[in-house]
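Working notes for the structure below.
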Amino acid sequence: MSEAVDTVKGMTTTLRRADARRIALAAQGFSRPRPETVGTRQITATLTRMRILQIDSVNVFSRSHYMPLFARLGAYDTSLLDALAFSRRPRWVESWAHVASLVPADDWPLLQFRRDDLRRKYGDDDWAQAHRPLLQWLRDELADRGPLRPAEIDHDARSGSRGSWWGWDDVKNGLERLWLFGEVAIAGRRGFERRYALASDVLPPSALETAVPRQDAITELVRRAARAYGVATAADLADYWRIRDRPAVLAAVRDLVDTGELQQVEVQGWSVAGRPATAWLHRDAARPRRVDAAALLTPFDPLVWFRDRAERLFDFDYRIEIYTPAPQRRFGYYSLPVLVGDDVVGRLDLKADRAGSALRVQSAWWEHGVPPDAAERVAAELRTAARWQGLERITVARWGDASDAIAGALSAARHEHPDGRSN
């Protein structure tokens, strides 16, 4: 059966919603079987497909930037990613892309317009004007001493030329601003604490010396988003890199349509303000007739990080409840979307109890359209996740309509939810 319902010449192609979902999954690497062994080559290939990894500090189960690779490749040695991203001369560097993210070092010039915008916004505000001596002192410290963590900087430094006393918050704020502006880059981390260095000490000269005009950069970023998404609306393409300049995004789309790289389509069920949403299909997008994946997704996986797109693709309404008071949470502190087959079929709130060497399933919930083998397939993913995290056992709380089925599939012990929640 064709993926398209209507392919009459001169008319917009219409895709079935299920076909668009499979196209999107294939573009993100979920139509391929996981490799038997995972090394740097497999990790690099997966990163290249996505072009970006969002960073998040929450570590209740695993740091977010490790999880998209786990979802696509299975258990892997996270030190391999650390070597690519957190060394003195990393191949992947931290940049403000889709918020704080890892991107290829070679892509640094494509985000210069973003750094220029941030400098215009924060480079001359009240804080920057009041702390110019501090900003210059930080530049000098990094030039003299090389990469430093904030804790290694003399927060109390003062002299007649340096201005008044600066506290740790000022130092951290100053380093973060210099990073946003591109003067400073991240030369690794200790735990999750950044090590800051002058950009010239981290990035290759080609990345710092290459200039890309703003519209050319946005067009290239939109091209990469279109390839990474397979099929997408303009809002999807803009959100991949958090580009707020809608006219520039639409101009990029027009250019890519003119060159034949994008084709305008409509997806059944995709709408904006009650009208069919215009979308674009990348010419190289795979169109599998079947996708049979199983994965635990971080909330910041490109597959689901844009909530509007997740709802269009999977009819999945997702909100993070970290900041929701515990009694008001519907699904848990940090629930992870669960992919089975070609659909998001549930969500699990996971906690790695390292002292007890246990993976705690704090809550488990089904979504619509749960396949008959969902519990067994989720159980298999949980076993893989526990091994990946070096945890010896899995226990399941009694909160959520999927908790009993998953506990049964695991033959797992039960534990009390820390907030006393249960069905």
Side-chain angles (χ1 to χ4, degrees), residues 1-7 9-35 41-53 68-69 71-73 97-98 103-104 106-107 110 212 215-241 243 248-268 270 277-293 295 301-306 309 312-314 339 342:
M1 183 179 293
S2 171
E3 291 83 0
V5 175
D6 185 0
T7 56
K9 187 175 181 180
M11 297 180 65
T12 299
T13 297
T14 301
L15 299 177
R16 295 180 179 86
R17 189 176 187 180
D19 292 316
R21 187 167 63 243
R22 289 192 285 271
I23 290 169
L25 285 164
Q28 281 289 313
F30 286 101
S31 63
R32 300 182 175 190
R34 288 172 174 171
R41 183 172 65 85
Q42 289 79 15
I43 288 173
T44 300
T46 304
L47 291 173
T48 300
R49 177 182 291 273
M50 292 185 291
R51 305 303 303 190
I52 187 171
L53 282 178
L69 293 172
R72 291 156 178 79
L73 300 174
H98 183 98
V103 299
D106 291 342
D107 286 358
L110 293 176
V212 181
Q215 185 59 53
D216 290 351
I218 291 175
T219 298
E220 180 59 28
L221 292 173
V222 169
R223 172 186 287 112
R224 295 179 185 202
R227 184 184 294 272
Y229 268 159
V231 60
T233 66
D236 296 339
L237 299 174
D239 183 78
Y240 206 82
W241 304 98
I243 301 172
V249 170
L250 294 177
V253 169
R254 288 193 295 271
D255 287 346
L256 296 171
V257 170
D258 289 344
T259 61
E261 193 158 351
L262 296 184
Q263 175 191 357
Q264 184 174 324
V265 297
E266 288 181 3
V267 179
Q268 290 180 339
W270 287 20
T278 301
W280 285 271
L281 177 70
H282 194 275
R283 67 184 175 197
D284 296 332
R287 306 186 188 191
R289 297 183 183 277
R290 184 171 182 266
V291 173
D292 190 24
D301 191 295
L303 191 64
V304 294
W305 65 13
F306 186 31
R309 178 175 172 85
R312 276 186 269 111
L313 281 173
F314 305 110
L339 177 69
D342 65 0

Given Ile43 and Thr46, is the side chain to side chain contact (heavy atoms under 4.5 Å, CB included) satisfied, shown in steps? CA-CA 5 Å; Ile43 288 173; Thr46 304; 5.9 Å; no
message: If you apply the rule side chain to side chain contact (heavy atoms under 4.5 Å, CB included), what do you find for Phe314 with Asp342, and how did you get there?
response: CA-CA 9 Å; Phe314 305 110; Asp342 65 0; over 6 Å; no
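When atom types are taken as modelled, the side chain of Gln28 and the backbone of Tyr229 share no donor-acceptor pair closer than 3.5 angstrom. Without hydrogens or angle criteria, Trp241 side chain to Leu221 main chain gives a donor-acceptor distance under 3.5 Å. The closest donor-acceptor contact from the side chain of Thr44 to the backbone of Arg41 lies at 3.5 Å or more, if one exists at all. Remark: side-chain polar atoms of Arg227 are not paired, donor with acceptor, to backbone N or O of Met50 under 3.5 angstrom. Remark: side-chain polar atoms of Arg49 are paired, donor with acceptor, to backbone N or O of Ala27 under 3.5 angstrom. Arg72 contributes a side-chain N or O that, together with a main-chain N or O of Pro68, makes up a donor-acceptor pair within less than 3.5 Å.
Under 4.0 Å is where a charged nitrogen must lie from a carboxylate oxygen, and between Arg287 and Asp19 no such pair does. Between Asp107 and Arg51, at least one side-chain nitrogen of the basic residue sits less than 4.0 Å from a carboxylate oxygen of the acidic one, meeting the salt-bridge criterion.
A search for ring pair (Phe, Tyr, Trp, His ring centres under 6.0 Å) contacts involving Trp305 returns His98, Tyr240, not counting sequence neighbours. Listed by chain and number, the residues in a side-chain contact (heavy atoms from CB on, under 4.5 Å) with Ala295 are Phe30, Arg34, Ala71, Leu297, Leu339 (sequence neighbours excluded).
Contact detail for Pro288 and Arg22: the closest heavy-atom pair is O-NE, 3.4 Å. For the pair Ala234 and Trp280, the tightest heavy-atom approach, listed with the atom from each and the gap, is N-CZ3, 3.6 Å. Between Ala20 and Val231, the closest heavy-atom pair is O-CG1, 3.7 Å. Closest heavy-atom contact between Leu237 and Ala232: CD2-CB, 3.7 Å. Heavy atoms only, all atoms of each residue included: Asp292 and Arg290 are closest at OD2-NH2, 3.5 Å. What you find for Thr259 and Arg283 is that their closest heavy atoms are O-NH1, 3.6 Å.
Counting only heavy atoms from C-beta outward, the side chains of Leu69 and Leu47 approach each other to under 4.5 Å. Looking at heavy atoms from C-beta onward, Glu266 lies out of side-chain contact with Leu15 at the 4.5 angstrom threshold. Looking at Ser31 and Val291, their side chains come closer than 4.5 Å, going by heavy atoms from C-beta outward. You'll find the side chain of Leu313 stays beyond 4.5 Å of the side chain of Phe306, heavy atoms only.
Arg32 CZ: 12 or fewer foreign heavy atoms inside a 6.0 Å radius.
Taken from CG in Asp255 to CG in Leu250, the straight-line distance is 11.0 Å, to the nearest 0.5 Å. The line from CG of Asp239 to CZ of Arg309 is 10.0 Å long, rounded to the nearest 0.5 Å. To the nearest 0.5 Å, atom CZ of residue Arg254 and atom CG of residue Leu262 are 12.5 Å apart.
Between the side chains of Asp236 and Thr233, at least one donor-acceptor pair of N or O atoms lies under 3.5 Å. With no hydrogens or angles considered, a side-chain donor-acceptor pair links Thr13 and Gln263 at under 3.5 Å.
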